[in-house]
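Notes for the one structure printed next.
Numbers restart at 1 for each chain; the letters A, B, ... are given by sequence-line order, proteins then strands.
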Amino acid sequence: MHVVILGNGISGITAARFVRKLSDYQITVVSSETDHFFSRTALMYIYMGHMRFQDTQPYEPQFWKKNRIDLKRARVERLDAGSKTLHFDSGETLAYDKLLLATGSKSNKFGWPGQDLKGVSGLYHYQDLETMEAYSPGLKRAVIVGGGLIGIEMAEMFHSRHIPVTFLVRETSYWDGILPAEESQMINRHIRENGIDLRLQTGLKEIEDDGTGRVCAVITDKGERIECGYVGLTAGVSPNIDFLKDSGLETNRGILVNEYLQTSLPDVFAAGDCVELRQPQPGRRAIEAVWYTGRMMGETVAYNIVADTAVNRQPSTINRQRYNPGIWFNSAKFIDIEYQVYGDIQARAPESHVSIYWEHPEGRKSVRIVYDKNTSSVLGFNLMGVRYRHEVCNKWLREKTPVETVLQNLALANFDPEFFKTYEKEVIAVYNRQSGRNLASKRQGRLDEVIQFLKGRAVESRG
Amino acid sequence: MNAHNDTSLSIAQPHGLRLSAKVGLGLVGLGLLLITAAWFGAKLPAAPGLLAVSLILLAAGTVIHARGLYLHLPEGIKNNGVWLRSISSKGAVAWLIGIVLTGFYVLLYWFPQYLGLGSKDVPNSGLVAFFDPLSRLLNGNPASQWFVYGTLYTVAILAMGYKFILKYRHNRYQVVRTISVMFFQTGFAFLIPELLERLNSGKPYFDKDLKNMWPLNYDFFFDWHLGNLLKGGNFGLFMLIFGVAMIFLISPILTYFYGKRWYCSWVCGCGGLAETAGDPFRQLSDKSLNAWKIERWLIHSVLVFVTLMTVAVIYSYLAQNDGKLWIGKDAFAWGTAAFFLVAGGLVFAFRKRFEGLKDQTAWLVGGVSVIIGGILLINTFSDAKHILFINSFELRKVYGFLIGAAFSGVVGVGFYPLMGSRVWCRFGCPMAAILGLQQKFFSRFRITTNGGQCISCGNCSTYCEMGIDVRAYAQRGQNVVRASCVGCGICAAVCPRGVLKLENGSTDLSARTDETRTIRIGKEGVSLL
Ligand SMILES: Cc1cc2nc3c(=O)[nH]c(=O)nc-3n(C[C@H](O)[C@H](O)[C@H](O)COP(=O)(O)OP(=O)(O)OC[C@H]3O[C@@H](n4cnc5c(N)ncnc54)[C@H](O)[C@@H]3O)c2cc1C
Ligand code: SF4
Ligand code: SF4
């Protein structure tokens, strides 16, 4: 049984590791990007000098040999599902019994004039980092187009090297499609506090050629011309599936898969950024291009690949697993402000969502807890500059815990380092003011309490 | 230029240094210049004042430099450009500093006369003489090379500690911890012993640093030291009892509650220097599995070595003083053997209670039996001076040379810019080895991982000075319980996703290292915990 995995990102590699744990099959991982798996999320830290490329690789080179995972560096040009073969650009082929497509994303380009000039690039692949590096010496200004997570990372990257940055954001406030207004404005302030030229409600009209095929300026939709030697296109990503168009695979924006992560073709699975779920779980999107879903899909699909094989049709088999990512969580860091989210936090929340929002007077930390007006059960947590425990929030959300119970036990969620000032009292005070209640914190948040809570004991607060 | 665009707000490259940061460096340079001039015998006017001036230049220069470096920037992690600068990425500057430091340690340990150390008839000269006034002021005697070293060491911890505090000023754990090491170095390691020396000036020398524990302080049980302690009156006796209590009582209790960090990154002087002056080099520690393997062999061998040597030395001491003390040499040897047998046996008997024990049981029990065997051999074959046919004085000389000087000093600090700041603590320190064993098997301390939030970026592993691959645990949702972790908390500080927290708890003592996968596949789908 030969399992071939196309893509050595988090999805493909997690799948490979679990197929190895669950079976003895031959495993080959194919990728054109790098020899070894690295953490895409850490690309920025290489450029900023926090780490070397090798530091972003979670496994040492000998890991692959030890676990009998064969690595192949090659670009796949075509999938022939009929004969179950991959065709490489070198002309070579590779036959598979089971195939996993984990090809990730590519940066969006929206047909801007000049978008293919030299010095214009997204930030997704390792090669994009090399491009940034090549254009950095002597660079007078970089313009970044698109105010999402990758955009702000790119702004921080150039900024770390003293390269002036202009950051064009189409929306009225940074990432305000996802972040509620207060948090979004906090990040606006923070971007400016760092000396980055943030232009809100400003889009890109065109990129100018200096006559040699290289960028020399951008023109915004407000008609302003900004001279620059580099343009970063960070207006989102989309599934990287162009080379699969003629393979007979059913695709929409991404590769369509069912709840077992099976594609429309026999023996072909898909996982990660490149996937579009036919039926996402309620409250989740069909395409979720984040690290965590890639990792969860990778693990799930490994079970399904192994469960799906004839070799495995004996008693004591490994069972198929439905992909169910559970409750949404995510995190990021906006320059120096850490961000964590658990559950359902919406930028423009429906009327039934009530927010308890506390912000530190210095404006670099905040806690938002959202609950349902009618049932009063907790719906989500949005944290800026404060760390909360994933497991604790997850349990509250899963059990639809009443918001007052959550508040009284809020100290259990705190995950900030020792000696940090805690803010449970302040958050509860906001709620008391809003609701005329008089709640008080009932916990210290000691680890022993937390573990007991998670193990299901002492669910109700004492006293 | 646009008003919203201040590029000096980033600190990636040296050319971005603000004027005050440069001035600070200049003052440090001036201080070093003065000290060097004194060393080479320049006729300096008003030397006592000049010593003060140069020490103040070193400290104030560092303070000004640090303020220029950090204060104008928003609070947060300041690792921009670490791998782009020569000094922090094993470049030419790093080699230069490494060689100078190593050279200084070689002179310090083996050729103090070149630093200007005098003898009975010859007064101090050069560098050592330059420090005479301060030494006289504190302890009443002329300086020794160790006084020079202790003073510079303390100044380094204070000045670089200040820099560290500014760098991590958003993180109270780091601030509190650093104030602690600065306090213990200045008070317990430097001022108090010097002043006590003055008060006890009639009595023979013994160590007066309360926090300096055996086996880091390996000569604690040497015959001359035991003898001097016993001749040291009430205070000497107190130091003896306190020293023994530290090893067998105080330190195990504190380690049980807080992990070895209470010592290694809050109190210890070696740790103090590593955390402050060594901070710019923490990323250089080797994270490979191979390095981990070497570490375990090396550090535990040193532990076995120091234990054997100490037992041998005490044994010869007792043999020479047979009948004069309340314990005889045979009773001591058999008592020690019994102690190790019982301790080893207990660990072995309860190994099931400890998750992480499996792979290490072999060498642990092995190490213990080597010690016991060694002791028995001593008793059988030795006269007062010879242990295993080796002279116990030779044994201690070898230890002092190899471990006490070459490893802990020359390699330990000299190689900061090339191998990271904790080479000694990680590969050599027998104190760290003992505390590490306690931390691993019997402590409430662990680093917890925050569910599924890890993005495997590698910042934690990169900035772990002990070379622990923290990410390997974090990315699969496992707590970190490692013997070598000194609890510096930097992994938790640099993590961009808020994944790590240093915690103490007794609820699941034996299951601390359970592999809780971040994501668990079950009937209800993928879930956490
Ligand atoms: C700068 C940046 C920062 C990010 N930060 C975060 C974050 O903080 N948190 C978060 O949750 N997510 C983050 N993400 C998103 C996250 O990195 C992705 O969701 C995740 O890496 C996707 O993993 P994957 O395995 O699905 O695909 P990828 O990692 O994209 O792996 C796919 C691999 O397949 C290769 N490949 C594709 N097609 C072919 C072919 N035809 N032939 C050969 N090889 C091929 C690609 O070259 C690539 O190496 C970030 C992304 C970027 C770019
Ligand atoms: S694991 Fe973390 S706390 Fe422990 S030594 Fe390493 S960086 Fe410090
Ligand atoms: S624990 Fe934090 S620093 Fe370490 S790899 Fe995970 S996200 Fe990165």
Side-chain angles (χ1 to χ4, degrees), chain A residues 10 39 41-42 45 48-52 55-58 60 159-166 190 192-198 291-292 295-296 299-300 303 321-326 329 331-333 335-336 338 340 387 389-391 394 415-421 446-448 451-452 454, chain B residues 1-2 4-10 12-13 15-16 74-77 79-85 170-173 175-176 288-289 448 450-453 455-459 461-462 471-472 475 489 492-493 496-498 501-508 518-519 521 524-529:
Chain A
I10 181 66
S39 177
T41 54
Y45 297 110
M48 299 201 302
H50 293 210
M51 285 188 274
R52 298 161 298 176
D55 301 323
T56 67
Q57 298 177 353
E60 286 184 55
H159 178 57
S160 79
R161 296 230 193 149
H162 303 282
I163 296 167
V165 180
T166 298
H190 188 56
R192 290 185 168 137
E193 172 193 22
N194 271 275
I196 291 167
D197 175 24
L198 172 66
W291 185 261
Y292 312 114
R295 196 176 57 201
M296 290 190 261
E299 182 166 351
T300 309
Y303 277 83
Q321 308 286 343
R322 284 197 176 82
Y323 172 65
N324 177 1
F329 69 96
S331 62
K333 192 170 180 184
I335 311 185
D336 283 322
E338 288 175 18
Q340 293 183 332
R387 298 172 173 181
R389 283 181 207 269
H390 189 176
E391 286 99 330
N394 199 68
F415 199 69
D416 276 335
E418 294 153 298
F419 301 112
F420 270 46
K421 192 168 166 5
R446 282 178 297 110
L447 179 62
D448 290 332
I451 295 172
Q452 274 157 21
L454 288 174
Chain B
M1 179 176 283
N2 193 299
H4 287 310
N5 215 316
D6 181 358
T7 53
S8 70
L9 282 171
S10 58
Q13 280 160 357
H15 70 244
E75 296 176 4
I77 294 304
N79 286 336
N80 285 345
V82 163
W83 287 102
L84 308 175
R85 281 191 294 262
H170 62 290
N171 187 316
R172 276 182 71 189
Y173 180 75
V175 172
V176 174
S288 66
L289 282 173
T448 41
N450 198 6
Q453 289 282 24
I455 52 169
S456 301
C457 68
N459 275 297
S461 299
T462 304
R471 165 176 56 193
Q475 66 188 358
R497 294 295 179 270
K501 179 172 181 183
L502 280 60
E503 298 193 85
N504 313 304
S506 56
T507 306
D508 57 348
T518 1
I519 332 155
I521 302 271
E524 315 79 46
V526 193
S527 65
L528 273 156
L529 202 97

(request) Find out whether B:S506 and A:D448 are in side-chain contact, i.e. whether some heavy atom of one side chain is under 4.5 Å from a heavy atom of the other. (result)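 Counting from C-beta outward, B:S506 and A:D448 do come under 4.5 Å.
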[X] side-chain N/O to [Y] backbone N/O, donor-acceptor pair under 3.5 Å:
X: A:R446; Y: B:N504; value: no
X: A:Y45; Y: B:C457; value: no
X: A:T41; Y: B:I455; value: yes
X: B:K501; Y: A:D416; value: yes
X: A:D55; Y: B:N459; value: no

(message) Against A:H50, only a single residue in B:T462, B:N80, B:V82, B:L84 fulfils side-chain contact (heavy atoms from CB on, under 4.5 Å); can you say which?
(response)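 Only one of B:T462, B:N80, B:V82, B:L84 forms a side-chain contact (heavy atoms from CB on, under 4.5 Å) with A:H50, namely B:N80.
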(message) Only pairs of heavy atoms separated by less than 4.5 Å count here; which of A:I10, A:T56, A:D336, A:I335 has the most with chain B?
(response)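 Highest number of pairs under 4.5 Å: A:D336.
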(request) Please determine, among A:E338, A:Q57, A:R389, the option with the most heavy-atom pairs under 4.5 Å with chain B. (result)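 Highest number of pairs under 4.5 Å: A:R389.
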(message) I'd like to know whether A:F419 forms a side-chain contact (heavy atoms from CB on, under 4.5 Å) with B:V175, so could you lay out the CA-CA distance, the side-chain angles of the two residues, the decisive distance to 0.1 Å, and finally the verdict.
(response) CA-CA 10 Å; A:F419 301 112; B:V175 172; over 6 Å; no
(request) Answer with side chain, backbone, both or neither: which region of A:E418 has an atom nearer than 4.5 Å to a non-hydrogen atom of chain B? (result)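 For A:E418, backbone and side chain are both near chain B.
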(message) Using the rule given for side-chain contact (heavy atoms from CB on, under 4.5 Å), can you reason through A:E391 versus B:N450, listing the C-alpha separation, both sets of side-chain angles and the distance that settles it, and then say yes or no?
(response) CA-CA 7 Å; A:E391 286 99 330; B:N450 198 6; 4.0 Å; yes
(message) Can you tell me how far apart CD (B:Q453) and CH2 (A:W291) are? Round to the nearest 0.5 Å.
(response)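 With rounding to 0.5 Å, CD (B:Q453) is 13.5 Å from CH2 (A:W291).
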Which atom pair, heavy atoms only, marks the closest approach of [X] to [Y]?
X: A:S39; Y: B:S456; value: CB-O, 3.1 Å
X: B:Q475; Y: A:P58; value: OE1-CB, 3.6 Å
X: B:G452; Y: A:R295; value: O-NH2, 2.7 Å

(message) Shorter than 4.5 Å, heavy atoms on both sides: which option in B:R471, B:R172, B:E503 has the most such pairs with chain A?
(response)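 Option with the greatest count: B:R471.
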